[in-house]
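Labels below follow one simple rule: chain letters A, B, ... track the order of the sequence lines, proteins then strands, and each chain is numbered from 1.
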Amino acid sequence: MSPATDDVVALLALVPEESPATELIEAVVNNPDDPDGALRAILASWAAGSDPGEGSA
Amino acid sequence: MAIQGFRSFGAEPVDFNLDNAVTLLEGENSHGKTSIAEALEYVLTGDITRRGMAGSAAAEFAGCLRNAHIPGSVETYVEADFCERDSESVRVRRTLVNDTGRNSPADSLLTVNGDPVVDLTSTGIVLSSPPIEAPILLQHNLRYLLTARPQERMDYFKAVLELSEAENIRAAVGQLEVPALTEEASDLLSHLSEVVGESAAPAVINIVQAASGGTGSVRDGAMSLTATFAANAGIELGEYPDETELILKVQSELDRRRTTVFPTDDISLPPRDADLAMTPAVPVEEYNTAVDTADRSLFQLLGLFEELLRVPPIVEATQAIDCPVCETPSALTPERVAAIRQHVDDSSGFSQVQELVKQSLHSLRERASDLSTLANALPPVVSWGDDERELRISEAEELGNLGEEVQALLDETPAVQSAAQDLHTRAEAAIEAAERSSVFCAERRAIPLELTDTVTAMDGAAVAFDAALADYLEMADPVQQALSSAMSRHADLVKWESAVRVLESLNAVESLGREIGGCAVAERKLLAAQQDIDVAVQALLDLRFGEMSEEIAKWWSRLRPGDPTSFEGVERRGTGRRYLDLKTRLGTGADDDGGVVMNAVSVLSDSQLGALGLSTFLARCVKEITGFIFLDDPLAGFDDEHRTTFANATLGGLVDAGIQLILSTYDRKLAEQVKRVHDHHGVIRLNVSMNDTRSSTLVTPFEDQFEALHATATSMAKSGNRANRRTSARDGRTAAERLAKQIITGHRRSEGLDALLQDLDGKQLGTLIDTLSPYVLGPDELGKWRSAGDSLNPGNHDADVPSSHALVQALGDLRAFKKAHKAELGTFWVSE
């Protein structure tokens with residue numbers, strides 16, 4: 001994981017571990033050059049529905 | 001620090017030291033104190049906050065950085081040496097390339113230790129987020145937090161609290177949208193939702209899940225939803241209806257319901273096989289002429305002659321032979337056969353005309369028959385009875401306020417019906433005439449000319465029918481579209497139409513269903529993520545605001561000890577996306593009084609608001625562990641008591657925190673207090689002065705009495721007031737004595753002597769001039785010294801006060817002496 005700013009580290013700590021938010025925040029941290037692209041890629045992977053059951057939790 | 005050409009600084013560089021724990025910049029208003037603060041801002045950020053905070057008035061700051069009075073060839077720059085404790089300093093220099101524009105910041109060349117750089121990253125100097133990036137508090141940004149718009153204030157605090165990145169993430173995720181469904185999938189989802197009676201997304205997820213788990217297929221799932229819908233609506237289906245049965249029954253039910261709601265098909269013209277083109281003409285006159293000119297007796301034998309000429313012995317006979325019909329011997333001589341052939345040939349023109357008429361009459365019959373059929377093929381609406389008309393108008397009104405439109409359409413139908421009836425009659429007449437004429441033609445008799453009139457009448461009726469029909473259709477098309485559109489919204493039909501669409505999509509439902517299911521899952525996860533991030537950011541805001549509030553409250557209590565009004569905290573409003581409040585607790589001072597919490601901006605006095613702005617700024621600087629703080633006249637509106645508190649507790653807190661302090665002030669009493677209280681930390685006092693607006697701001701050590709006194713003397717030298725000129729003469733004389741001591745001591749040191757300024761304490765100007773005589777640099781310097789000594793004499797009476805001219809001349813000479821000797825002595829120059 002790329003170095004995250006203090007507030008992002010704190011934010012991650014405040015988000016429930018199993019929340020899909022974690023994946024999105026880490027995508028932003030790991031892709032500082034194109035955070036929007038990284039977020040869209042995750043959404044696309046969710047929509048591709050490799051595991052549709054995931055979302056019904 | 002060295003400044004040249006920047007705002008109030010002139011064409012010569014002005015340099016001074018800021019390396020003590022506390023630096024006091026003292027000077028009158030408008031002499032350049034704020035220019036120093038802004039020079040420091042400029043060298044660090046490339047801009048001044050005053051321009052950035054001007055908002056829409058920023059255009060008025062065009063060309064504001066360069067001193068307007070200096071020649072264009074003079075470079076404008078600010079240079080400063082920065083160092084962390086116990087580390088080597090870096091020299092940062094920013095040279096103005098293009099001054100600020102109406103809507104653009106200045107262009108500068110930035111160097112660090114002489115090397116061009118883009119920013120200060122390499123120096124380790126860390127700036128805060130805009131708008132106040134440098135730890136420099138000017139009058140105009142002291143109030144910024146209190147007067148800024150709510151969103152700007154929120155952004156400022158988020159930047160201070162380093163929450164910008166978290167907020168950026170919240171915004172980025174908040175703006176995310178799940179990839180849009182393809183049009184096909186979107187339509188299918190919409191139809192499925194109609195069938196299910198609510199959003200079908202969860203049902204589709206279940207179907208896709210079941211299909212993925214191996215129980216059935218998406219196709220089965222879609223069929224099952226549609227079958228359940230149909231069964232719930234009372235449609236009888238077999239226990240396990242197959243696809244064909246389901247489609248048939250659902251489509252049939254939709255058709256039934258459509259007709260019940262409004263029979264829009266009745267407005268349409270039935271399909272037609274024929275058109276209404278004109279009928280080809282029958283050559284009746286040509287035929288009748290041929291009949292008239294022919295030998296009627298021969299018509300009767302023509303058939304016989306034609307048969308005879310097909311018999312080979314007759315055709316080939318070279319002499320008379322017996323007639324095969326009447327058996328008359330030698331009746332058919334070659335001459336007679338030739339005459340028969342001539343008769344037959346003469347009749348062939350007639351036969352051609354007869355054949356043409358025969359075919360034309362056949363076409364006429366078919367054409368008239370088609371027209372008769374067309375006249376009968378009318379939109380069913382034409383034959384609606386009165387009761388049905390009334391019913392349909394009422395239905396159309398209920399369906400979509402279309403009663404008037406349907407009424408108007410129905411009013412058009414009698415014209416269509418009448419034209420159709422006329423066409424039918426004319427076509428039937430034409431059929432009868434054609435059949436009768438065919439009989440005449442077969443008998444080679446003349447055909448009555450009335451046939452042509454009948455055809456013309458039929459064609460006219462066809463044209464009239466076509467026109468009536470066109471008028472009707474022109475009106476019918478939009479009415480039908482409006483009715484169809486209204487029907488597509490009709491609750492009783494929408495669901496059934498959707499059910500039909502779902503069944504029609506069954507072949508593609510497998511992939512479309514997976515696409516819908518995937519998007520629905522993504523939507524659900526995104527919503528959950530957005531909610532979790534929202535909650536987390538709010539919790540983070542509360543946490544950081546709490547920490548910040550404690551720091552601000554600490555500085556508030558140092559600035560306003562004993563004030564019954566206390567700082568309560570920084571609180572987010574709502575989700576904290578846009579607004580925050582600065583809360584204050586208003587108390588009466590009584591011990592048991594809990595006070596009332598209010599918005600600070602609305603209830604605090606001017607001096608309290610100033611103190612709150614200062615507290616917030618100091619809390620930020622301490623939180624960001626800034627190395628130094630520049631406070632530019634921060635005590636506007638403070639009374640004596642609060643000034644003393646500021647000098648002691650507030651500045652003490654900063655110095656104790658290890659923060660280097662630069663304080664500019666016009667308030668000599670404050671400066672004295674600070675010097676007295678904090679002198680043990682190391683305090684330097686600098687005098688900031690400017691003789692007139694066209695010259696430069698000067699920054700001199702307060703102890704350098706020459707500059708301080710010379711500045712004061714110069715400011716009053718041209719005064720018309722004698723008392724002021726006397727003061728100018730007195731300060732000028734003291735300045736001259738000070739300068740003489742510096743020159744003498746400097747030259748003595750250059751000769752290797754261990755000389756001190758104090759060696760000359762108590763010497764008067766006359767004695768000092770005698771003492772420096774060996775050191776003069778030109779033949780006229782000594783004379784000018786003596787002349788200055790005469791001019792700089794305050795006298796005892798008004799009549800003795802020197803003129804402005806004499807004072808200006810003397811002070812100018814002193815300035816020239818200092819410049820020349822300082823250059824001559826170099827490092828031996830004594831500045832203190």
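Interface residue B:Leu526: backbone and side-chain heavy atoms are both found under 4.5 Å from chain A. Contacts between B:Glu177 and chain A at a heavy-atom distance below 4.5 Å involve the backbone alone (N, CA, C, O).
Chain A forms more heavy-atom pairs under 4.5 Å with one residue of B:Ala172, B:Ala522, B:Ala528 than with any other, namely B:Ala522. Chain B forms more heavy-atom pairs under 4.5 Å with one residue of A:Leu24, A:Ile42, A:Leu39 than with any other, namely A:Leu39. Ranked by heavy-atom pairs under 4.5 Å with chain A, the first of B:Ile533, B:Val173, B:Leu176 is B:Leu176.
For B:Arg501, the side chain to side chain donor-acceptor pair (under 3.5 Å) test picks out B:Glu504, with sequence neighbours left out.
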Side-chain atoms of residues 8-22 of chain A: list all donor-acceptor pairs with protein atoms under 3.5 Å, sequence neighbours left out, distances to 0.1 Å.
unit_1: A:Ser19; atom_1: OG; unit_2: A:Ala21; atom_2: N; d: 3.0
unit_1: A:Ser19; atom_1: OG; unit_2: B:Asp532; atom_2: OD2; d: 2.4
unit_1: A:Thr22; atom_1: OG1; unit_2: A:Pro16; atom_2: O; d: 3.4
unit_1: A:Thr22; atom_1: OG1; unit_2: A:Ser19; atom_2: O; d: 3.3

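Crowding of B:Glu550 atom CD: a count of heavy atoms from other residues, nucleotides or ligands under 6.0 Å not exceeding 12.
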